[in-house]
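Counting convention: from 1, in listed order, for ligands and their atoms alike.
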Amino acid sequence: MIDRLVVFGATGDLSARYLLPGLAALQAGGHLGSGFRLVGADRGLDRGDDQGDDQGGGGSAWFRRWAAEQLERHAADLPADARHAVCAQAEYRRADVTDPADVASAIAGPGPVAVYLALPPALFPSAVTALHRAGLPPGSRIVLEKPFGEDLDSAVELNRLLAAVVPEEAVFRVDHFLAMTTVQNLLGLRLANRVLEPIWNSTHIAEVDIVWDETLALEGRAGYYDGVGALKDMLQNHLLQLLCLVAMEPPVSLDERDLRNRKVDVLRSVRPLTEAEVPRRTRRARYTAGRIGDRAIPSYTGEDGVDPARGTETFAEVELELDSWRWAGTVFRLRSGKALGADRKEVAVHFRHVPHLPFGDDEEATPNLLRFGLDPEDLTLRLTGTGSHTHTLAPLTLSARMDPPELPAYGRLLLDVLTGDPALSIRGDEAEEAWRLLTPVLSAWSQDLVPLQEYPAGSDGPEPHAGAGTP
Ligand code: BG6
């Protein structure tokens, strides 16, 4: 297990909300040895020289105080001693991640190191180049967050840069959706139950909706989000990963090679949309001013830091089909939007209607639906049962709440990084395939072949546009 984690961008939102709480959860669960050290690095802007000094003095004291405050704010439910232990040993380095000398000094220390690039994706190529020049100790690992590149070409280039620094098994392109309990349960339920896998195909399943609709709006993230948008922020990575787990062939084992090979097969089987299909099978939109509960939401274009001319979408929907024996004829709909009226975060598997109904009223026999709730994490199966009168039918719903996970998603991901298990991270070819299959959409959207619709914050999203949803 690696016992040194260097986080570049250590005082950003990702670090405050997820990485520090993840580390504190690992500490509370006894997963971190006493030798574990967190090194936080950033450019030390806006804090004055005394606080930003880099060699363990004022800078480290400042960073420990800051980390303790963030843990108080974002992980108050974790034991105080675990939170304290993470901060007590933390060190700070002032470093420009694009400068090889700074990077070398931040990563200096005994043995291999895990380097977390908690940075805007635009910085990845120069940061990885600086790591290359600085020279990582053998056995070190690099962690990046999506989006990995901004299109197919830049993803290929980023992978090339990474491959020059560490072997592929040491690159952790992390996706916190893969560490959610329900997401892992998707595979568990499919493969450990005789009643599901035999009907897990297009003969029985008509449609699958993979949805992440949020009531959250921009939340001050224009600096990142306005250059990315919903398609690249959510569909290209999180939602395609969910598609992989829903649609993959049973892997021989859950080791990284078997699991990731089967995921790549799914991505390769996705039929790329033709230019004529994109306007019918995709939608993009951005929110205008509205209300969500008692919150007044300004229009997206009025948010600080947003450049309206960019035409960034806050809602994206794409309908895909897979060219494979198992799935030819099933429609997979991926959709995510911000500032919507209600949270809807789920994978909903819609089964086909029964072929023949010998009794009851057709109207009462709704097709079966299996719903994996992602937040909160739960499971619902909609069946048709019998009604109180002879030979009548009535809806019947079975539901279950998942046990809370032992570790939050970022705790799980960080543990995998430190122990060196890349099974839940995205392999380079997987990231490239995900870009490849969305390339026709990106290209059509950039040529304005699909209108950028609008929807009021707090609504259900944009109106279906003419012809949407028809093959
Ligand atoms: C992030 C996206 O990866 O996932 C956000 O950048 C999105 O835009 C978020 O809101 C949703 O996941 P979670 O776990 O933060 O609710």
Side-chain angles (χ1 to χ4, degrees), residues 9 12-22 25 70 73-75 77 116-124 143-150 172-186 210-243 284-287 292 295 297 300 303 305-306 312-317 334-347 372-378 402 404-405 407-414 424-426 431 434 457 461:
D13 197 53
L14 174 62
S15 173
R17 292 160 79 108
Y18 296 113
L19 302 185
L20 288 167
Q70 302 311 316
R73 195 139 131 223
H74 300 294
D77 53 324
Y116 206 118
L117 301 179
L119 301 165
L123 282 175
F124 290 162
V143 193
L144 308 90
E145 294 265 337
K146 61 82 215 256
F148 316 109
E150 52 187 52
F172 286 74
R173 298 175 192 80
V174 293
D175 185 319
H176 74 285
F177 275 46
L178 290 178
M180 289 180 187
T181 329
T182 328
V183 172
Q184 300 199 4
N185 272 329
L186 250 164
I210 301 178
V211 179
W212 189 270
D213 281 357
E214 307 183 289
T215 50
L216 282 185
L218 190 57
E219 309 284 307
R221 291 169 74 218
Y224 157 74
Y225 195 86
D226 199 42
V228 176
L231 186 72
K232 296 183 185 178
D233 180 48
M234 294 297 299
L235 273 69
Q236 194 274 343
N237 34 77
H238 301 315
L239 301 196
L240 279 179
Q241 284 297 314
L242 294 176
L243 169 72
R284 59 179 184 136
R286 64 184 174 191
Y287 63 83
I292 304 178
R295 287 186 297 145
I297 310 287
Y300 177 72
E303 296 264 21
V306 167
T312 301
E313 79 286 353
T314 59
F315 172 101
E317 184 176 78
L334 279 54
R335 148 186 173 141
S336 181
K338 288 199 181 288
L340 292 163
D343 283 311
R344 182 180 160 216
K345 301 168 177 178
E346 64 185 24
V347 175
F372 297 84
L374 301 171
D375 182 19
E377 303 197 34
D378 57 12
M402 303 298 174
L407 287 173
Y410 270 90
R412 170 84 262 150
L413 292 178
L414 285 165
L424 294 185
S425 87
I426 319 294

*Asks:* Provide, to 0.1 Å, the distance between atom 5 (C) of ligand 1 and the closest protein heavy atom, together with that atom's residue and name.
*Replies:* R221 NH1, 3.4 Å

*Asks:* Which is it for Y410 and ligand 1 at heavy atoms under 4.0 Å: side chain, backbone, both or neither?
*Replies:* neither

*Asks:* Could you tell me whether the side chains of E145 and Y116 share a donor-acceptor contact shorter than 3.5 Å?
*Replies:* yes

*Asks:* Looking only at heavy atoms of M180, does any of them come nearer than 4.0 Å to an atom of ligand 1?
*Replies:* no

*Asks:* Should H238 be listed as contacting ligand 1, given a heavy-atom distance under 4.0 Å as the test?
*Replies:* yes

*Asks:* Side chain of E313, backbone of R286: donor and acceptor closer than 3.5 Å?
*Replies:* no

*Asks:* To the nearest 0.5 angstrom, please state how far the OG atom of S425 sits from the CD atom of Q241.
*Replies:* 9.0 Å

*Asks:* Taking 4.0 angstrom as the limit and counting only heavy atoms of Y18, give me the atoms of ligand 1 inside it, by number and element.
*Replies:* 13 (P), 15 (O)

*Asks:* I'd like to know whether ligand 1 has K345 as a neighbour, heavy-atom separation below 4.0 Å.
*Replies:* no

*Asks:* Any idea which atoms of ligand 1 are less than 4.0 Å away from a heavy-atom of F177?
*Replies:* 12 (O)

*Asks:* To the nearest 0.5 Å, how far apart are CZ in R335 and CG in L239?
*Replies:* 11.5 Å

*Asks:* Which ligand 1 atoms, with their elements, are less than 4.0 angstrom from a heavy-atom of K338?
*Replies:* 5 (C), 7 (C), 8 (O), 10 (O)

*Asks:* Given H176, E214, K146, identify the one with the heavy atom nearest to atom 7 (C) of ligand 1.
*Replies:* E214

*Asks:* Nearest 0.5 angstrom please: E214 CD to S336 OG, how far?
*Replies:* 5.5 Å

*Asks:* Can a non-hydrogen atom of L216 be found less than 4.0 Å from any atom of ligand 1?
*Replies:* no

*Asks:* If you measure from CD1 on I292 to OH on Y287, what distance do you get to the nearest 0.5 Å?
*Replies:* 8.0 Å

*Asks:* Should the pair D233-K146 be classified as a salt bridge under the 4.0 Å nitrogen-to-oxygen rule?
*Replies:* yes

*Asks:* Which of the atoms of ligand 1 are close to W212, meaning less than 4.0 Å from one of its heavy atoms?
*Replies:* 11 (C), 12 (O), 16 (O)

*Asks:* For ligand 1, which atoms sit closer than 4.0 Å to a heavy atom of D233?
*Replies:* 2 (C), 5 (C), 6 (O), 8 (O)

*Asks:* Quick check: do T312 and Y300 have side-chain heavy atoms less than 4.5 Å from each other?
*Replies:* yes

